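This structure is a prediction, so every number in the text was calculated from the model and none was measured.
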Amino acid sequence: MVETNIIMDDIKESLWEKIAGKLHGELNSDEEAGFNELMSDNGHLTEFKRTEKIRDDLSKTGPAPYEAKNKSWNRVGNSIRWSRMHWISSTLKYAALVVVAFVSGILLHTNTPVDSTLHYSKLYVPCGQMGQITMSDGTQVWLNSGTTLRYPDRFGDKSRSVEVKGEAFFKVAKIPDKPFTINSTDLTVEVLGTSFNFSAYQKDNYSSVTLVEGKVAIHNDQGETVAKLQPGQMATKDKNTGSLNIKEVNTTSYSEWIDGKIFFDDERLDQIALKLERWFNVEISFDDPSLKSKRFNGTILKNKPIDQIMQALELLAPIQFHHQINASGKDKITIYKRS
């Protein structure tokens, strides 16, 4: 399989940067000229008008103070321009996540006075997509399919804290006196400045932290440190037993998803199916439950059609599949035992 680039091309990226800058008045003369040149294309002009209408319509969704609305829009605009959220799908889906962030910011500000209180936004990356954002402290976050990130518009004076449901890869900006904490239902991870992968999907039977560089501490529900990881180590918590297992791993394999690759290390087929459901926005079922325990090793590319990936799995195990196209919802894939 040939790997292809899944990140938006330069034209689309330039388009979104200039649209964001135009809408909150931050284009210099050279950028303004570039914007006007892009708008000579009818397709680009349509995208600008659609985005402008989204902003205007959302500004009417609640009695948020003027200052709060501006802060919400500027925060999203900055995310487009400086965070460089990249998508593997269409610009319309890209815009949909921007709208989620903008609406969330407005609603939170509507219910909270404009003061020194932290205000939170929530970003959700739908199945079949992937996103990237740079936070106010410079921390970079890649969000995998089906992931929700809850974060403040700014961090407090003594700590930085976010919540994750799903999978995210962090490159945390190093601020020694402000530890960075990631919270989920099953794991709490504290770092000062490091790179690591964090996985805590609700449907998975485990949560994990894989450390690429730096140091991280894992806390229990009482806030006590139960483990400290060194680079090259992976901590996995079993959701059923609560046990925490630490092992040495090839960290590259656990961060390859940000480049559009899915890695399997002696993994059960039912767990692989969960990943494929999120990556390709499909539903996968098993005609024979005994097939769920089949194990696989290897790497597949997300940019390939799901049928091609299933065909590759057929070569490695006694299985076959049926793909049912569903025009009004998710496609359905059923895995059978090969006769």
Between [X] and [Y], what is the shortest heavy-atom contact and its length?
X      : Y      : value
Val282 : Leu276 : CG2-O, 4.0 Å
Asp204 : Gln271 : OD1-OE1, 3.9 Å
Lys203 : Leu274 : O-CD1, 3.8 Å

Starting at [atom1] of [X], measure out to [atom2] of [Y] and round the result to the nearest 0.5 Å.
X      : Y      : atom1 : atom2 : answer
Thr139 : Ile175 : OG1   : CD1   : 7.0 Å
Ser161 : Lys178 : OG    : NZ    : 12.0 Å
Met130 : Arg278 : CE    : CZ    : 14.5 Å
Asp259 : Asn303 : CG    : CG    : 11.5 Å
Ile306 : Gln311 : CD1   : CD    : 10.5 Å
Phe196 : Ile182 : CZ    : CD1   : 3.0 Å

Excluding sequence neighbours, so at least two apart, what forms salt bridge (Lys or Arg N to Asp or Glu O under 4.0 Å) with [X]?
X      : value
Asp288 : none
Glu283 : Lys332
Glu37  : none
Arg295 : none

Please determine whether residues [X] and [Y] belong to a single hydrophobic cluster, defined as Ile, Leu, Val, Met, Phe, Trp and Tyr linked transitively by side-chain heavy-atom distances below 4.5 Å.
X      : Y      : result
Leu313 : Ile262 : yes
Ile246 : Tyr206 : no
Val249 : Val212 : no

When you measure from the side chain of [X] to the backbone of [Y], do you find a donor-acceptor pair of N or O atoms at a distance under 3.5 Å?
X      : Y      : result
Asn144 : Ala168 : no
Arg160 : Ala173 : yes
Thr147 : Val125 : no
Arg338 : Ala317 : yes

Partner set under side chain to side chain contact (heavy atoms under 4.5 Å, CB included) for [X], not counting sequence neighbours:
X      : answer
Asp265 : Lys247, Tyr254, Phe263, Asn297
Asn281 : Cys127, Lys330
Lys171 : Gln140, Trp142, Phe169, Ser195
Leu316 : Phe296

Note to self: Go through it in stages, so that I can follow the logic: the residues are Phe170 and Val191, the test is side-chain contact (heavy atoms from CB on, under 4.5 Å), and I'd like the CA-CA distance, side-chain angles, deciding distance and then a yes or no.
What the structure shows: CA-CA 10 Å; Phe170 289 83; Val191 304; over 6 Å; no
Checklist line | Residue pairs, two or more places apart or on separate chains, that pass ring pair (Phe, Tyr, Trp, His ring centres under 6.0 Å) and touch residues 306-339 | finding: none
Would you mind reporting whether [Y] and [X] have side-chain heavy atoms less than 4.5 Å apart?
X      : Y      : result
Met310 : Phe280 : no
Asp287 : Lys337 : no
Leu187 : Ile218 : yes
Tyr151 : Ile133 : yes

Notebook entry, point to check: Among all residues two or more places apart in sequence or in another chain, which pass the ring pair (Phe, Tyr, Trp, His ring centres under 6.0 Å) test with Phe198?
Noted result: none
Item checked: Residues forming a ring pair (Phe, Tyr, Trp, His ring centres under 6.0 Å) with Tyr201, sequence neighbours excluded -> none
Notebook entry, point to check: Can we say Asp270 and Arg268 salt-bridge, meaning some charged N sits less than 4.0 Å from an Asp/Glu carboxylate O?
Noted result: yes
Checklist line | Salt-bridge present (Glu267, Lys275; N to O < 4.0 Å) | finding: yes
Donor-acceptor contacts under 3.5 Å from residues 224-238 side chains, at least two apart:
| unit_1 | atom_1 | unit_2 | atom_2 | d |
| --- | --- | --- | --- | --- |
| Glu224 | OE1 | Asn220 | ND2 | 3.0 |
| Thr225 | OG1 | His219 | ND1 | 3.2 |
| Gln233 | OE1 | Gln230 | N | 2.8 |
| Gln233 | NE2 | Glu248 | OE2 | 3.2 |
| Lys237 | NZ | Asp186 | O | 3.0 |
| Asp238 | OD1 | Asn240 | N | 2.7 |
| Asp238 | OD1 | Thr241 | N | 3.1 |

Checklist line | Option from Ile319, Leu269, Thr334 for which side-chain contact (heavy atoms from CB on, under 4.5 Å) with Phe286 holds | finding: Leu269
